[in-house]
Amino acid sequence: MNKQNQKQSEKTSAYSPAEVENRLYERWVEMGSFTGDVDSDKKSYTIVIPPPNVTDILHLGHALNNTIQDILVRRHKMQGYEAVWIPGADHAGIATQVIVEKQVAKEGTTRREMGREKFLERTSEWAYSNKDKILNQLKKIGCSCDWDRTRFTLDEGLSKAVFTVFKHLYQKGWIFKGHRIVNWCPSCQTSLSDDEIEHVESDSFLWYIKYKLKGSDEFLTVATTRPETMLGDTALAVSPKDTRYKKYIGKTIILPVLEREIPIVADSYVDPEFGTGVVKVTPAHDPNDFEIGRRHDLEEINILNINGSLNENAGKFKGLDRYEGRKQLLEELTKKGHLEKTEKYQLSAGTCYRCHTVIEPYLSDQWFVKMNELAQPAIDAVKTGKVRFHPDYWSKTYLHWMENIRDWCISRQLWWGHRIPIWYAEDGTVFVSDDRPTADECPGYDPESLVQDDDVLDTWFSSWLWPFSTMGWPDKTPELEMFFPTKVLVTAPEIIFLWVARMVMSSYEFMGKAPFSDVYIHGMVRDANGIKMSKSLGNGIDPLEIINKYGSDALRISLVLATPDGQDPWISKNTFEIGRNFINKLHQVSKFVMLRLDGRQAVIDSVDKNDLVIFDRWILSRLERTIESVDKAFSEFRLSTAAKTLYNFVWNDYCSWYIELIKPDTPGESIREGSLNVATYVLWKIISLLHPFVPFVTEHISLKLQGLDETSKTTLTSGNWPTTDGHFKDDGLEQDLNQIQTVVIAVRSVRSELNVPPGRKSDLYIRVNDEEFGDLLQDHIEYFRSLIRVENLYTGIDIKKPQLAASTVISGAEIFVPLEGLIDIDVERKRLEKELSNLSIQLNKVSNKLSNADFLANAPADVVEKENSKKSDYQQRIEKLNANLEQILGW
RNA sequence: GGGCAAUUAGCUCAGCUGGUUAGAGCGUUCGGUUCACAUCCGAGAGGCCACUGGUUCGAGUCCAGUAUUGCCCACCA
């Protein structure tokens with residue numbers, strides 16, 4: 001910052017958000033602005049928050065996600081809906097347990113040492129305090145959540161919903177226990193569902209291992225990416241069609257190192273084209289091998305412990321970690337001549353979505369939900385448009401997953417979560433109950449002898465009920481009556497399967513209808529280089545830091561402006577300057593209007609239609625168009641477009657043109673009464689339209705404008721969303737204004753390019769094509785005189801060009817700026833030549849078009865007409881420019 | 001291997017149903033002590049609209065293909 005700027009900035013009275021934001025938020029909460037009324041006669045509009053994990057801290061993704069929801073909710077409140085936003089948090093089973101386990105590990109103990117009860121107590125304590133922390137952070141960004149209705153997935157009510165659902169599905173036969181290969185995370189030591197796996201490409205190898213045929217010197221070579229699993233091999237398989245290996249089918253092979261005898265089987269799963277055409281079969285550690293094993297009645301040998309180390313079935317490798325075991329096994333194979341070769345190979349390995357450890361396919365007993373039948377109504381819902389995605393292309397992703405849906409593994413080998421409500425008797429009989437069954441519930445058994453399943457349910461098994469469990473289901477509550485179904489779900493693409501799809505399924509099954517009609521999918525926040533922001537990469541930006549620096553409003557509007565509709569925003573720290581600047585602009589122009597009102601009561605809700613000049617009617621026309629555009633953008637879930645429309649209207653139309661035009665020429669003079677009224681009225685509409693985006697500064701201005709202080713119960717939040725009947729919309733008027741603007745811009749341009757000192761005044765001669773244009777200018781010169789420093793304005797069809805004048809040509813007029821002693825002939829000549837050359841290019845284009853017979857024959861008449869008038873306009877302007885050029889060459 | 005998206009100014013993006021002098025913000029250059037605002041005001045420079053074909057009187061816009069990038073899905077060891 002140079003000295004001059006420094007001096008300036010000391011003088012400034014820029015808006016300081018920190019002072020007002022906290023106070024205003026508290027005020028809204030106290031006023032009950034965010035509270036939904038179940039007895040309301042209004043139409044409801046409900047959003048349920050995607051519950052943040054209790055392990056989360058607020059990041060920009062949350063900020064964007066919640067800003068969008070807040071905008072939608074606040075706007076609908078203003079539109080007269082009983083709009084409610086139900087907040088809450090998710091217990092985040094794995095993520096939370098992992099964090100607390102790490103904590104206790106540091107203290108030198110383990111969860112098993114602590115025991116279930118104590119560990120859960122500890123986890124609970126941590127989770128609840130963190131939950132409050134993150135929900136408080138949402139308040140910082142201004143979220144208008146109904147905090148009285150805050151829910152947590154482990155709440156009693158929600159737990160009841162989970163149990164009810166489990167029991168229902170169990171009785172229907174859709175929940176079952178299966179002995180299957182599941183995804184096992186050796187680090188979290190639990191199973192995971194297929195959707196919780198992230199595939200990561202990595203450089204690896206394909207190892208070719210020779211298996212010797214029993215009683216022969218022959219061997220078969222097998223290619224594998226996971227050599228250690230050979231310890232669990234119980235067969236080799238070849239394709240029944242593969243002539244190379246036909247003779248070996250049914251023979252016995254010796255498993256290297258372990259020296260176990262295993263059969264060679266034929267299975268059509270094997271692709272003769274791939275690798276060597278021989279597959280090692282490890283039924284306990286590969287889903288395909290599992291299937292082959294079942295078909296051929298093979299033994300299933302598990303070689304892994306739950307932490308991923310090798311177990312007693314691994315022989316001498318017992319106790320080694322899986323990768324260390326692999327290494328030692330490969331050494332041994334090499335030594336014994338069993339390793340034929342090693343090839344580089346691109347491997348796509350499944351990893352845990354929480355800890356990113358490579359998962360192991362692992363054979364175990366787990367609970368599953370059968371999904372096919374649940375999926376059907378959810379498929380229809382999207383196909384028939386009962387649930388719509390925005391942007392629409394996400395429905396393809398959704399449908400693809402739904403139509404290929406697989407059974408959902410819902411048991412997790414964790415403690416933190418909803419414990420599976422299954423009780424086992426010693427003889428294996430099973431009872432479903434959330435608490436220990438009563439004697440009546442388990443006739444013939446001693447309740448005390450029953451043992452509950454150790455595992456808990458997948459976190460998503462509670463969050464898939466969120467849209468109705470938060471409202472008290474399975475009880476019949478007024479909330480369900482009033483607020484269900486919700487309207488729109490706002491989220492990022494990554495949880496379409498994990499969460500969105502499952503909510504649709506559960507809602508149809510348990511509520512008989514879709515949980516929401518619209519799904520708004522917004523982009524994922526990336527850094528300035530397009531890299532996804534993440535804690536581990538350290539490229540994240542802390543929203544709270546931005547709020548402290550620029551204010552919550554700036555954070556919100558910047559995020560929305562920076563997030564292209566349907567795409568990922570790229571965000572850096574200075575992204576937020578645009579919002580800060582805009583908020584300040586809004587604040588400054590409000591200050592100006594109020595300054596001019598000078599303490600008089602602001603008339604905000606009407607204008608005197610008999611006291612309007614052209615500029616007043618123009619800004620009102622522009623306002624109505626803006627309202628229409630904003631409403632249209634909202635109806636298409638194009639929030640960024642809506643924000644940009646308002647941004648441009650405020651900055652360009654309102655501040656740069658309208659306010660500048662109605663400003664009196666001379667200091668101290670007051671603004672025309674009618675115009676000041678319009679300026680106030682439009683400002684009021686502006687802050688109303690912007691309120692959902694930037695609630696704080698708009699509320700602040702609203703109170704000041706109305707002469708109210710913060711004890712007032714008036715709030716924009718329950719105010720009126722501006723509507724329009726199109727009364728002021730006027731094309732002809734906007735065109736007139738456009739002509740005046742063109743003159744202003746042209747004169748400014750001439751003066752600037754000729755380096756006329758900005759303070760220097762001059763006369764202005766305008767030779768118009770018709771007198772109407774001249775009258776328009778003459779009638780309004782007092783308004784735009786100061787914008788272009790005009791002393792005397794002369795207009796007319798026959799206006800003569802002053803001797804020493806700069807000139808420029810616009811549609812319908814020639815403009816002369818007499819500038820004795822200021823014109824550099826060379827500069828002026830170059831200017832004119834440039835204008836000429838531009839116009840010539842345009843003229844060329846139009847002429848070509850018009851000399852094309854096909855164009856004339858096929859294009860609609862109005863298009864041809866338009867081209868014709870363009871042509872004559874260009875020709876006229878070129879003529880005039882030429883004349884002016886000749887004239888200055890005579891100087 | 002399949003699918004989805006993107007490709008327009010140095011950067012980030014608009015450009016909706018084909019006819020525009022292809023726009024905005026940031027950045028950049030020049031000028032500015034205009035009494036709301038230097039977080040500002042005014043003016044300028046900057047674009048074979050990824051490529052190749054096609055449809056059409058006319059393509060940034062529609063169609064096909066290619067390339068590049070990103071994301072998702074998938075049991076080929």
Side-chain angles (χ1 to χ4, degrees), chain A residues 4-5 7-9 11-15 181 199 206 222-226 237 269-271 273-276 278-282 286-291 348 361 391 393-394 396-397 400-401 404 493-494 496-497 524 526 528 530 532 550 554 561-562 564-572 574-575 577-578 580-585 587-596 632 636 638 640-641 644 647-648 655-656 659-660 663 667-668 745 748-753 755-759 786-787 789 838-839 841-842 845 849 852-860 862-863 866-867 870 874:
Chain A
Q4 197 188 342
N5 280 351
K7 222 162 130 194
Q8 285 292 347
S9 75
K11 279 203 291 186
T12 62
S13 44
Y15 174 62
I181 300 274
H199 289 269
L206 205 49
V222 175
T224 180
T225 55
R226 293 187 298 151
Y269 163 76
V270 180
D271 175 2
E273 303 295 316
F274 188 88
T276 61
V278 185
V279 176
K280 57 190 273 312
V281 184
T282 322
D286 184 281
N288 296 307
D289 293 7
F290 180 76
E291 295 300 322
S348 170
Y393 53 74
W394 289 112
K396 289 181 202 162
T397 306
H400 181 260
W401 183 81
N404 296 285
E494 58 201 2
I496 289 178
F497 308 142
M524 228 173 33
R526 298 170 179 282
K532 183 178 164 182
Y550 298 141
L561 285 169
D565 299 314
Q567 276 166 251
D568 294 342
W570 292 24
I571 290 174
S572 65
N574 46 14
T575 301
E577 286 172 12
I578 187 176
R580 181 221 24 201
N581 295 356
F582 181 59
I583 303 295
N584 184 54
K585 188 76 178 172
H587 179 251
Q588 293 299 343
V589 77
S590 310
K591 223 169 66 184
F592 173 78
V593 170
M594 288 184 264
L595 204 72
R596 292 313 179 113
K632 180 165 180 278
E636 295 165 351
R638 293 159 65 113
S640 187
T641 300
K644 272 176 197 155
Y647 180 97
N648 288 333
C655 292
S656 290
I659 293 292
E660 291 305 324
K663 259 186 197 172
I745 289 166
R748 280 172 173 171
S749 177
V750 166
R751 290 174 56 105
S752 174
E753 286 186 44
N755 294 315
V756 177
S786 59
L787 300 191
R789 302 284 160 143
N838 285 342
L839 279 171
I841 293 166
Q842 298 310 324
K845 274 196 202 166
K849 228 179 217 182
N852 180 346
D854 289 330
F855 173 73
L856 295 175
N858 292 305
D862 61 314
V863 172
K866 210 171 138 194
E867 293 300 313
K870 264 202 260 178
Y874 293 152

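Below, read A as the first sequence line, B as the second, and so on, with proteins coming before strands; counting in each chain starts at 1.
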Should A:Tyr874 be listed as having a side-chain N or O under 4.0 Å from OP1 or OP2 of B:U21?
yes
If you measure from the P atom in B:U8 to the same atom in B:C16, how many Å do you get, rounded?
16 Å
Describe the nucleic acid contact of A:Pro564 in one word from base, sugar-phosphate, nothing, applying a heavy-atom distance below 4.0 Å.
sugar-phosphate
Shortest non-hydrogen contact from A:His400 toward A:Asn404
O-ND2, 2.7 Å
May I ask you to verify if any side-chain N or O of A:Gln567 is less than 4.0 angstrom from the OP1 or OP2 atom of B:A14?
yes
Write down the distance separating the P atoms in B:C76 and B:U52, rounded off to the nearest Å.
38 Å
Take the protein atom NZ of A:Lys644 and the nucleotide atom P of B:G15, then report the distance between them rounded to whole Å.
8 Å
Taking the inter-plane angle between the rings of A:Phe497 and A:Trp401 on a 0 to 90° scale, is it parallel (under 30°), tilted (30 to 60°) or perpendicular (over 60°)?
parallel
Using a 4.0 Å heavy-atom cut-off, does A:Asp286 contact any base of the nucleic acid, only the sugar-phosphate backbone, or nothing at all?
nothing
Using a heavy-atom cut-off of 4.0 Å across all strands, would you classify A:Pro569 as base, sugar-phosphate, or nothing?
nothing
Please work out if A:Arg226 contacts a base, only the sugar-phosphate, or nothing of the nucleic acid, heavy-atom cut-off 4.0 Å.
nothing
Nucleotide of B:C76, B:A36, B:U20 approaching A:Lys663 most closely (side-chain heavy atoms):
B:A36
When rounded to whole Å, the CD to P distance for the pair A:Gln588 and B:U39 reads 11 Å
Answer yes or no: is there a side-chain heavy-atom contact under 4.5 Å between A:Asp565 and A:Glu636?
no
For B:C26 and A:Thr575 - does any side-chain N or O of the residue sit under 4.0 Å from the phosphate oxygens OP1/OP2?
no
Side-chain N or O of A:Arg751 closer than 4.0 Å to phosphate OP1/OP2 of B:G44:
no
Spacing of A:Asn404 atom CG relative to B:C72 atom P, expressed in whole Å
18 Å
Expressed in angstrom and rounded to an integer, what is the separation of A:Phe274 atom CZ from B:G1 atom P?
13 Å
Under 4.0 angstrom, heavy atoms only, what part of the nucleic acid is A:Asp271 near: base, sugar-phosphate, or nothing?
base
Sugar-phosphate, base or nothing in reach of A:Phe497, heavy atoms under 4.0 Å:
sugar-phosphate
Rounded to whole Å, please give me the gap between CH2 in A:Trp570 and P in B:G70.
10 Å
Taking the side chain as everything from C-beta on, heavy atoms only, tell me whether A:Leu206 gets closer than 4.5 Å to A:Thr224.
no
Check every strand shown and say whether A:Tyr393 touches a base, only sugar-phosphate, or nothing at a heavy-atom separation below 4.0 Å.
sugar-phosphate
A:Glu636 vs A:Thr225, nearer the 5' end of RNA chain B by closest nucleotide:
A:Glu636
A:Arg526 CZ to B:A5 C1', straight-line distance once rounded to whole Å
11 Å
Determine the contact category for A:Ala857: base if any of its heavy atoms lies under 4.0 Å from a base atom, sugar-phosphate if only primed atoms, P, OP1 or OP2 are that close, otherwise nothing.
nothing
Return no unless some side-chain N or O of A:Lys870 is found under 4.0 Å from OP1 or OP2 of B:U21.
yes
Interatomic distance, A:Asp568 CG vs B:U69 P [rounded to whole Å]:
17 Å
Using a 4.0 Å heavy-atom cut-off, does A:Lys632 contact any base of the nucleic acid, only the sugar-phosphate backbone, or nothing at all?
base
5' precedence on RNA chain B between A:Leu856 and A:Val756 (nearest-nucleotide basis)
A:Val756
Please state whether the phosphate of B:U39, meaning OP1 or OP2, lies under 4.0 angstrom from any side-chain nitrogen or oxygen of A:Asn581.
no
If we ignore angles and hydrogens, is there a donor and acceptor under 3.5 Å between the side chains of A:Asn584 and A:Gln588?
yes
Among A:Phe592, A:Tyr15, A:Phe582, exactly one meets ring pair (Phe, Tyr, Trp, His ring centres under 6.0 Å) together with A:His587. Which residue is that?
A:Tyr15
Nucleotide B:C71, atom C1' - distance to NZ of A:Lys396 in whole Å
15 Å
Donor/acceptor link under 3.5 angstrom from A:Lys591 side chain onto base of B:C37
no
Identify whether any heavy atom of A:Arg580 sits under 4.0 Å from a base atom; if not, whether one sits that close to sugar-phosphate; answer base, sugar-phosphate or nothing.
base
Got a donor-acceptor contact below 3.5 angstrom from the A:Ser752 side chain to the A:Ser749 backbone?
no
Within the modelled atom types, does a donor on one side and an acceptor on the other bring the side chain of A:Glu660 and the base of B:A36 under 3.5 Å apart?
yes
